[in-house]
Amino acid sequence: MRTYLHDVAGETVTIHVPQNADDLAQFTQWAREASRRGPIALDTETSGLDIFADHYRLRTVQFGDRSDAWVIHWERGGLFQSVARLALENIRRFLIHNAPFDWLVLDRHAGVSVESLAPRTTDTRIKATLLDPRQPQEGGLGTALKPLCGYYVDPSAPDTQGDLTSVFRGLGFTKATGFARIDLEHPTYNLYAGLDVIYTARLDPILTNQLAHVGVRDALAEYEHELARICTIMQRRGLVLDEEFTRELDATLAEEASNYAEKAARYGVESVNSTRQIAEALTGMGELLTERTGAGAVKVDKAVLLALADRDLQWQRLGARTPNPLAEAVLHAKRSGKWRTTYAQTFLETVDADGRVHPFINTLAARTGRMSVTRPAVQTLPSSDQMIRRCLLADPGHVMVSTDFQAVEMRVLAALAGVKRMIEGFLAGEDIHAFTARLVKGDGATPKDRKIFKGAGFGKVYGGGISTISRQTGAPEDEIARAVAAYDRLYPEIKRASSRWQREARGSGMVYISATGRRLPLDRDRSYAVVNYACQSAARDLLGQAMLNAEEAGILDAMRLPIHDEILASVPKGEAQEYAREFERCMTMDLYGVPITAEAEIGGRSWGSLYGADF
DNA sequence: GTAATCACG
DNA sequence: ACGTACGTGATTACT
């Protein structure tokens with residue numbers, strides 16, 4: 001047995017690294033007794049983050065409590081694996097920091113399923129996020145193990161990830177290659193692998209006390225654990241990639257980007273992504289660039305370039321001026337380049353041997369609790385054109401079904417703020433923006449009026465001002481000003497709720513408590529954002545509830561992605577109607593007397609089929 | 001590492 | 001006192 005001693009919060013802890021059968025027998029004995037005393041912290045070290053890649057390796061599995069850690073070298077095979085697997089199967093409760101990652105690793109590489117592990121897991125990252133969801137950039141601690149332990153467990157806790165990166169460099173590895181190549185017996189590697197479970201074991205009871213202290217209900221944490229499990233199962237399934245189509249698209253976009261970059265080069269722009277070069281060249285052509293960025297640089301974003309190219313925000317010809325050929329070339333080159341590198345190439349880089357991509361779903365990403373999806377970021381694929389979504393397919397014999405909540409944030413606003421006339425509109429089954437336009441303008445209200453009041457409504461939810469709403473909608477400021485004034489007269493409860501929520505937050509450490517008991521810290525200088533936080537957060541929890549409903553209804557296997565107000569699913573072609581109705585049922589609910597409704601759309605084999613012509 | 005930009009709800 | 005568009009992820013240029 002190799003052992004390492006370390007000081008954690010003034011106490012000496014021991015990291016055990018079994019080397020032979022006797023050592024492993026000691027581990028089994030310890031695990032049996034420790035599991036009787038309480039939960040066991042669990043972690044893994046692997047070759048990297050690409051769990052679904054061919055060459056991926058599980059290297060060690062670590063178990064620990066507050067004073068002892070055991071680093072089991074899974075990679076050595078044989079008895080090491082059988083002993084670790086036995087522990088994974090028999091330990092009653094686990095503590096894991098960021099459990100979805102380890103669940104997937106152990107599911108795929110240790111033969112212990114997500115379904116078996118998840119019900120026995122407490123995720124300390126979920127608890128920490130419920131305590132304070134802010135990321136470090138927003139003034140929070142963040143939810144990485146290191147800063148949490150530095151704050152709650154031991155101020156002298158080492159930066160195990162960061163220090164390991166230095167070790168990797170010293171050995172001639174990079175951060176990316178080090179985890180795969182470092183010697184399994186390296187002392188620092190084993191010490192830190194062990195320390196992480198000891199810190200997790202010590203962090204959990206502290207977080208539990210803190211959550212109880214600020215009054216977060218256990219039920220909220222349990223709900224988040226269920227969602228984490230469901231989303232991990234979705235990630236394990238992944239989506240089929242049309243590899244042939246994607247490769248062709250990659251080539252087409254590459255050629256398009258290169259052609260337009262060549263055109264831009266004729267005007268002296270060497271790199272179409274350099275705003276400085278573009279601004280200089282355009283100025284040299286006699287264009288007047290008046291807009292500035294926050295930091296004071298000349299602004300040459302898409303909106304500026306579209307105007308110079310005589311196009312509206314949908315790229316339609318305006319006929320207002322002679323199109324500037326450089327602006328035109330840069331717009332096209334940048335779009336092709338971005339769509340290629342951010343989407344097509346990431347699909348090809350992340351696809352597994354079975355032709356599927358497995359995007360990471362972070363169930364608690366935003367301050368409001370909203371989920372995010374990364375690698376690839378499939379929540380943000382272009383929707384103006386179907387070509388990128390066309391790369392992703394339903395399973396063989398399946399079609400895509402997308403079910404959306406209808407105007408969910410407006411319904412949530414009506415429910416939470418008790419907006420009387422808005423609730424009447426929803427109860428009457430009205431399109432809320434057309435309803436508002438009619439209340440103000442009478443039966444003669446036009447689709448253009450609807451658009452104006454839709455803008456005013458979003459302005460209310462987001463906290464926007466007249467000039468911003470005007471810019472976003474393209475409508476003149478005086479018209480927007482009148483619409484916003486009418487909005488306030490019609491729905492006075494919104495302003496009152498905003499003031500009330502801001503006052504309540506000021507009285508409790510600048511934290512607004514959401515409808516589901518979520519703690520949402522407000523920034524002192526923009527407390528108006530509370531209206532958005534309240535709506536966005538409650539809408540997220542309605543989607544979460546819909547996902548739990550879907551599992552209950554037996555259609556978890558069909559779910560593929562959560563997209564804020566939408567559930568994307570792959571369903572057997574012959575039963576698409578039945579599945580569509582079932583998803584609508586799962587997403588239909590009542591929020592304080594306001595109906596929350598959903599509408600399913602049945603597509604073809606590709607996701608792109610829901611965005612234009614059918615495939 | 002920061003700023004700018006652009007993709008989504 | 002007044003008014004403020006909200007929330008993400010990813011890439012590229014540049015210091």
Side-chain angles (χ1 to χ4, degrees), chain A residues 133-138 257 269-279 291-306 313 330-331 333-343 345-346 349-350 359-362 364-385 388-389 402 404-405 407-409 413 455-473 480 484 495 498 502 520 522-537 539-540 543 561-568 611:
Chain A
R134 288 173 302 173
Q135 301 181 342
Q137 312 91 285
E138 302 174 298
V269 173
E270 289 297 317
S271 169
V272 294
N273 288 308
S274 168
T275 49
R276 192 176 51 78
Q277 286 179 27
I278 297 164
E291 290 200 65
R292 293 288 179 275
T293 67
V298 177
K299 193 169 197 172
V300 272
D301 66 2
K302 198 166 82 169
V304 171
L305 292 171
L306 282 169
L313 295 173
V330 168
L331 280 165
K334 282 178 78 171
R335 181 159 79 168
S336 305
K338 181 180 171 69
W339 288 18
R340 175 171 181 243
T341 55
T342 306
Y343 306 119
Q345 293 201 320
T346 316
E349 281 163 18
T350 56
F360 278 85
I361 303 170
N362 180 353
L364 282 171
R367 189 190 298 206
T368 54
R370 256 201 184 183
M371 302 184 187
S372 76
V373 178
T374 55
R375 302 170 53 154
V378 283
Q379 282 181 324
T380 65
L381 304 188
S383 57
S384 61
D385 187 300
I388 298 294
R389 290 178 197 243
S402 160
D404 285 51
F405 281 133
V408 66
E409 289 197 2
L413 175 64
F458 275 116
K460 286 290 138 195
V461 178
Y462 291 143
I466 284 150
S467 68
T468 318
I469 301 172
S470 165
R471 205 172 340 113
Q472 294 293 324
T473 55
I480 295 294
V484 169
K495 263 201 165 126
S498 178
Q502 291 181 61
L520 306 179
L522 301 186
D523 298 330
R524 204 161 285 281
D525 55 344
R526 46 200 281 281
S527 58
Y528 65 90
V530 72
V531 176
N532 184 259
Y533 290 4
C535 295
Q536 193 181 99
S537 181
R540 180 277 190 192
L543 190 77
L561 285 175
I563 314 176
H564 308 310
D565 64 349
E566 168 192 358
I567 294 175
L568 182 72
Y611 293 78

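To find a chain, count down the sequence lines: A is the first, B the second, and so on, and within it residues start at 1. A quick note: this is a predicted structure, and the numbers were derived from the prediction, not measured.
- Straight-line distance from the CD1 atom of A:Ile567 to the P atom of B:dC8: 21 Å, rounded to whole Å.
- With sequence neighbours excluded, the residues forming a salt bridge (Lys or Arg N to Asp or Glu O under 4.0 Å) with A:Arg526 are A:Asp523, listed by chain and number.
- Within the nucleic acid shown, A:Gln135 has no heavy atom closer than 4.0 Å to any nucleic acid atom.
- Annotation: salt bridge (Lys or Arg N to Asp or Glu O under 4.0 Å) contacts of A:Glu138 (sequence neighbours excluded): A:Arg367.
- The separation between A:Leu520 atom CG and C:dG7 atom P is 11 Å, rounded to whole Å.
- Rounded to an integer number of Å, the gap from CD of A:Glu409 to P of C:dG7 is 12 Å.
- For A:Ser402, the side chain to side chain donor-acceptor pair (under 3.5 Å) test picks out A:Asp404, A:Glu566, with sequence neighbours left out.
- One can place CZ of A:Arg389 at 7 Å from C1' of B:dC8, the figure rounded to the nearest angstrom.
- More than 12 heavy atoms of other residues, nucleotides or ligands lie within 6.0 Å of CZ in A:Arg292, so this atom counts as buried by the packing criterion.
- Distance from the side chain of A:Glu138 is smallest for C:dT8 among the nucleotides C:dT8, B:dA7, B:dT5.
- Mapping A:Thr380 and A:Phe458 onto DNA chain C via the closest heavy atom, the residue that lands nearer the 5' end is A:Phe458.
- The stretch residues 522-531 of chain A touches DNA chain C through A:Asp525, A:Arg526, A:Tyr528, each having a heavy atom under 4.0 angstrom from the strand.
- For the pair A:Thr468 and C:dA5, the criterion of a side-chain N or O lying under 4.0 Å from OP1 or OP2 is met.
- Counting non-hydrogen atoms under 4.0 angstrom, A:Gln472 reaches a base of the nucleic acid.
- Nucleic acid contact class of A:Val300 (heavy atoms, under 4.0 Å, all strands): sugar-phosphate only.
- The ring-ring contact (aromatic ring centres under 6.0 Å, His included) check on A:Tyr528 picks up nothing, with sequence neighbours excluded.
- The stretch residues 455-470 of chain A participates, sequence neighbours left out, in these salt bridge (charged side-chain N to carboxylate O under 4.0 Å, His left out) pairs: A:Lys460-A:Asp488.
- At least one donor-acceptor pair under 3.5 Å links the side chain of A:Gln277 to the backbone N or O of A:Ser271.
- Computed from coordinates, the A:Leu313 CG to B:dT5 P distance equals 15 Å when rounded to whole Å.
- Within the nucleic acid shown, A:Leu381 comes within 4.0 Å of sugar-phosphate atoms alone, with no base atom in reach, counting heavy atoms only.
- For A:Ser383, a side-chain nitrogen or oxygen approaches OP1 or OP2 of B:dC8 to under 4.0 Å.
- Straight-line distance from the CD atom of A:Gln536 to the C1' atom of C:dA5: 12 Å, rounded to whole Å.
- The nearest whole Å value for the distance from the NE2 atom in A:His564 to the C1' atom in B:dG9 is 5 Å.
- Nucleotide B:dG9 holds its P atom 10 Å from the CD atom of A:Gln379, rounded to whole Å.
- At distances below 3.5 Å, at least one donor-acceptor pair connects side-chain atoms of A:Arg389 with backbone N or O atoms of A:Pro382.
- Listed by chain and residue number, nothing satisfies the salt bridge (Lys or Arg N to Asp or Glu O under 4.0 Å) test with A:Arg471 (two or more places apart in sequence, or in another chain).
- Scanning DNA chain C for stems, defined as runs of 3 or more consecutive Watson-Crick or G-U wobble pairs whose donor-acceptor distances all fall under 3.5 Å, gives the following ranges: B:1-9 with C:6-14.
- Here A:Ser537 pairs with nothing under the side chain to side chain donor-acceptor pair (under 3.5 Å) rule; sequence neighbours left out.
- The ring-ring contact (aromatic ring centres under 6.0 Å, His included) check on A:Phe360 picks up nothing, with sequence neighbours excluded.
- The shortest distance between the side-chain N/O atoms of A:Lys302 and the OP1/OP2 oxygens of B:dT5 is not below 4.0 Å.
- Taking the salt bridge (Lys or Arg N to Asp or Glu O under 4.0 Å) definition, one finds that A:Arg335 meets it with nothing, sequence neighbours left out.
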Could you run down nucleotides 10-15 of chain C 5' to 3' and tag each one B, S or - for protein heavy-atom contact under 4.0 Å? SSSSS-
